[in-house]
Amino acid sequence: MAYWLMKSEPDELSIEALARQGEVRWDGVRNYQARNFLREMSVGDEFFFYHSSCPQPGIAGIARIATAAYPDPTALDPDSHYFDTRATAAKNPWSAVDVVHQRTFRHVLELGLLKQQAALDELQLVQKGSRLSVMPVTPEQWAVIIGLAT
DNA sequence: GCCAACGTTGGC
DNA sequence: GCCAACGTTGGC
């Protein structure tokens, strides 16, 4: 089983909203590196749910991958913010996965706290200039971060 | 294939 | 709202 971290703006989808809905489609990823990671995911993989572009950026909880990657329907929807004129049903370059809520942390693990952990130096999230919204997490990094959540 | 211009991300 | 850093686009 692999571990990941995925970013979401809480205004779009927060861990609380995911907890309410149970299972949602994680769509709108429009970066090839991030998309490639989506395609590497397996059912049962777990990921840290990161809140970005908000008053308290950080890891808010854990969710689980419920489906393998499939073509992202928002790319074909003219009414969607994520519509891509180049995408067709036959040739849709973008992928989505379904995810299930697993755990909401009692407190958000703030970005500043994560940056203080020497053991997380290699995590792409804390590297300067990194904007990747889907990234792998090693088992060691996963354990360190779980240890920060009380 | 280079690279300048542009748009986006995301913390602050 | 600002702006650094990055990815993408498109002219050449």
Side-chain angles (χ1 to χ4, degrees), chain A residues 2-21 24-41 45-65 68-138 140-142 144-150:
Chain A
Y3 297 110
W4 309 92
L5 182 148
M6 299 209 282
K7 298 178 183 174
S8 174
E9 300 186 14
D11 287 348
E12 280 276 323
L13 177 72
S14 67
I15 189 95
E16 292 81 11
L18 176 59
R20 280 195 302 274
Q21 296 172 61
V24 304
R25 185 176 67 218
W26 197 282
D27 55 28
V29 171
R30 293 294 178 272
N31 167 283
Y32 286 105
Q33 199 182 351
R35 180 210 66 182
N36 290 343
F37 285 136
L38 286 180
R39 292 180 176 180
E40 289 179 26
M41 292 176 177
D45 284 0
E46 293 180 303
F47 66 95
F48 288 125
F49 191 122
Y50 182 89
H51 284 174
S52 67
S53 295
C54 60
Q56 195 184 21
I59 296 174
I62 299 173
R64 188 175 74 247
I65 304 301
Y70 57 90
D72 182 350
T74 64
L76 305 175
D77 177 5
D79 296 327
S80 170
H81 176 64
Y82 301 113
F83 180 60
D84 183 347
T85 52
R86 297 165 301 183
T88 64
K91 208 169 167 62
N92 183 345
W94 303 116
S95 297
V97 294
D98 291 351
V99 307
V100 177
H101 179 267
Q102 207 152 349
R103 177 179 170 195
T104 301
F105 292 155
R106 292 173 61 236
H107 307 286
V108 171
L109 306 180
E110 293 184 63
L111 180 60
L113 175 71
L114 300 172
K115 286 181 172 172
Q116 288 170 23
Q117 312 302 315
L120 300 180
D121 281 352
E122 300 295 313
L123 184 65
Q124 293 192 45
L125 180 77
V126 302
Q127 275 156 30
K128 185 180 156 91
S130 173
R131 301 182 316 183
L132 197 59
S133 64
V134 180
M135 68 190 73
V137 174
T138 68
E140 293 76 15
Q141 292 164 342
W142 183 269
V144 168
I145 294 168
I146 292 288
L148 295 172
T150 52

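The figures that follow rest on heavy atoms only: side chains count, while hydrogens, waters and symmetry mates do not. Protein chains get the first letters and strands the later ones, always in sequence-line order, with residue 1 at the start of each.
B:dG11 atom C1' lies 11 Å from atom CG of A:L125, rounded to whole Å. A:Q33 has its CD atom 11 Å from the C1' atom of C:dC6, to the nearest Å. Taking atom CH2 of residue A:W94 and atom C1' of nucleotide C:dT8, one finds them 10 Å apart after rounding to whole Å. Summarising the geometry, the separation between CG on A:D84 and C1' on C:dT8 is reported as 12 Å, rounded to the nearest angstrom. The separation between A:L132 atom CG and B:dG10 atom P is 9 Å, rounded to whole Å. Rounded to an integer number of Å, the gap from A:N31 CG to B:dG10 C1' is 14 Å. Between the CD atom of A:E9 and the C1' atom of B:dG10 there is a distance of 8 Å, given to the nearest Å. Taking atom CD on A:Q124 and atom C1' on B:dG10, their separation rounds to 16 Å, with Å as the unit.
Taken from CG in A:D84 to CG in A:D72, the straight-line distance is 10.0 Å, to the nearest 0.5 Å. To the nearest 0.5 Å, atoms CG (A:L120) and CG (A:L114) are separated by 6.5 Å. The CZ atom of A:F49 sits 8.5 Å away from atom NE2 of A:H101, with the distance rounded to the nearest 0.5 Å.
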Next item on the list: Take A:W94 and A:Y32 through the test ring pair (Phe, Tyr, Trp, His ring centres under 6.0 Å) and record every step on the way to the result.
Entry: CA-CA 8 Å; A:W94 303 116; A:Y32 286 105; 4.7 Å; yes

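Ring-plane geometry between A:F47 and A:W26 is classed as perpendicular, the angle between the planes exceeding 60 degrees on a 0 to 90 degree scale with a lower cut at 30.
Here the side chain of A:K128 is nearest to one of C:dT8, B:dG11, C:dA5, namely C:dA5. The side chain of A:Y32 sits closest to C:dT8 out of B:dG11, C:dT8, B:dG10.
OP1 or OP2 of B:dG11 has at least one side-chain nitrogen or oxygen of A:Y50 nearer than 4.0 Å. Side-chain nitrogen and oxygen atoms of A:R86 include none within less than 4.0 Å of the OP1 or OP2 phosphate oxygen of C:dT8. Between B:dG10 and A:K7, a contact under 4.0 Å exists linking OP1 or OP2 to a side-chain N or O.
At a cut-off of 3.5 angstrom, counting only N and O atoms as typed in the model, there is a donor on one side and an acceptor on the other between the side-chain of A:R131 and the base of B:dT8.
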